[in-house]
Every structure is written in C-alpha cells, then in structure tokens.
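Inspection log for the structure reproduced underneath, given as structure tokens.
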Amino acid sequence: MLIPKKVKHRKWHKGRNKGKGRATSINELDYGMYGLKSLENKWLGSRELEAARIAMTRFIKRGGKIWIRVFPDKPVTAKGTQSTMGSGKGALDHYVVVVKPGTVLFEIDGVDLETAKEAMRLASHKVSVKTKFLSKQ
C-alpha cells in the first residue's frame, strides 16, 4: 500500500469537498499514451489505488508500463465505535488522496489500445469514483 514516509502533521483537518473545483495540475497525460481520468470529487484510499494497480498489472501480464499519478498523503483518523463523545481526535486510521474532477489517476504505455481499454476498465471498477478513458490519439 502507498503511505508517506513522513508527514508534517500527524492529524489533519478534514477539509471540505464541495464540488465546484476542477483539477488544475494533474489534468492531462504526461507519461503514457492512455490514461484514466476522474469525473467527480472523492477521497481515494491507498487500498483502492493498490487494488486498481494490481488489476491492471495482472491483465497486461507485465507487458507495459503503468504510472500512478496520485499519492495518498492525507491522514484520516477514526475513533472506536464504543467511545463516548469528547476525549479528543481519534487515532490515525488510513491515508487518502483528494481527487477532483479532471485528475488523471493512472497512465499506461507499451500496450495496444484494446488492452489499455480493458486494463483501465478493470481499474475503474476498483476505485470509488466515476472515471473516463483517455487517449493521446
């Protein structure tokens, strides 16, 4: 799973994910010929990204090159189910990446169009965000 080696602050504020912003930095293909682009706001966990990476790698049989363009660096905390109100913020549970519409999640190169489409379709089933297939052609 993807987790940061070190974070500046152990617990972050939750923030607001209210829908009108679009991705400005990771919004076009840079490395590969084909990509998978998000169409909505969500938090993607490191487990989702790892499951998608494994699905793509197994389908292309290690034939091409895969780039994961996002990294989960936002810590999310959780309190126990039987704990009462108060007594501070919960312990660190997992890491997520904040995805906006237009963010390129994965890129792939070294395979043909049909293989890339199917690999990205398998990856899109693993992530909890609506996605779209991209191509440089």
Side-chain angles (χ1 to χ4, degrees):
M1 282 195 322
L2 296 170
I3 59 170
K5 290 181 187 171
K6 181 180 169 185
V7 289
K8 187 169 183 180
H9 301 288
R10 190 165 49 99
K11 298 176 182 177
W12 289 9
H13 291 299
K14 188 178 291 188
R16 291 290 171 255
N17 205 0
K18 281 203 177 175
K20 291 191 178 156
R22 295 196 52 83
T24 57
S25 60
I26 313 173
N27 56 3
E28 52 192 37
L29 297 176
D30 286 337
Y31 302 106
M33 290 292 293
Y34 312 105
L36 194 67
K37 179 184 195 175
S38 73
L39 298 177
E40 59 185 359
N41 287 334
K42 270 292 173 61
W43 283 359
L44 290 183
S46 56
R47 290 173 189 253
E48 293 179 57
L49 295 173
E50 182 66 14
R53 183 195 65 80
I54 289 171
M56 285 190 295
T57 306
R58 284 186 179 157
F59 182 76
I60 64 173
K61 299 180 176 71
R62 303 176 193 230
K65 174 100 172 106
I66 294 173
W67 289 271
I68 302 174
R69 295 290 307 275
V70 292
F71 186 79
D73 60 349
K74 180 184 180 80
V76 176
T77 60
K79 292 182 77 165
T81 55
Q82 296 295 319
S83 61
T84 58
M85 295 282 282
S87 71
K89 195 170 172 77
L92 177 68
D93 189 41
H94 61 280
Y95 288 92
V96 297
V97 58
V98 179
V99 173
K100 292 184 175 183
T103 304
V104 176
L105 303 174
F106 302 101
E107 290 188 32
I108 193 169
D109 201 4
V111 294
D112 60 336
L113 177 64
E114 305 307 320
T115 307
K117 267 190 181 175
E118 182 61 21
M120 292 297 180
R121 187 188 69 80
L122 292 171
S124 70
H125 288 300
K126 301 294 182 184
V127 295
S128 63
V129 64
K130 291 179 185 173
T131 57
K132 177 182 176 183
F133 180 75
L134 293 178
S135 175
K136 275 192 180 177
Q137 300 162 349

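Throughout, residue positions are numbered sequentially from 1 according to the sequence presented. Predicted, not measured: the structure shown is a model, and the values here were computed from it.
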Measuring from atom [atom1] of [X] to atom [atom2] of [Y], what distance do you get when rounded to the nearest 0.5 angstrom?
X     : Y     : atom1 : atom2 : result
Lys14 : Lys74 : NZ    : NZ    : 9.5 Å
Arg22 : Asn41 : CZ    : CG    : 9.5 Å
Thr57 : Ile66 : OG1   : CD1   : 3.5 Å

Under 3.5 Å donor-acceptor pairs involving side-chain atoms of residues 83-109, not counting sequence neighbours:
from, atom 1, to, atom 2, distance (Å)
Ser83, OG, Gly80, O, 2.9
Lys89, NZ, Trp12, O, 3.4
Thr103, OG1, Lys100, N, 3.4
Thr103, OG1, Lys100, O, 2.9
Glu107, OE1, Asp30, N, 3.4
Glu107, OE1, Tyr31, N, 2.7
Glu107, OE1, Gly32, N, 2.6
Glu107, OE2, Asp30, N, 3.1
Glu107, OE2, Arg69, NH1, 2.3

Query raised in the report: What's the shortest heavy-atom distance between Val76 and Trp43, and which atoms?
Result: CG2-CZ3, 4.0 Å

Requested in this report: Check Ala119 against Ile60 and note the closest heavy-atom contact, atom names and distance.
Outcome: CB-CG2, 4.0 Å

Query raised in the report: How about Phe71 and Pro4: do any of their side-chain heavy atoms sit closer than 4.5 Å?
Result: yes

**Report entry** Lys132 atom NZ: more than 12 heavy-atom contacts under 6.0 Å
**Finding:** no

Query raised in the report: For Lys130, does the NZ atom have more than 12 heavy-atom neighbours from other residues, nucleotides or ligands under 6.0 Å away?
Result: no

Query - Partners meeting side chain to side chain donor-acceptor pair (under 3.5 Å) with Ser128 (sequence neighbours left out) - result: Glu48

Query raised in the report: Does a side-chain N-to-carboxylate-O contact under 4.0 Å join Glu114 and Lys117?
Result: no

Report task. State plainly whether the residues Arg121 and Glu118 are in salt-bridge range, i.e. N to O under 4.0 Å. Result -> yes

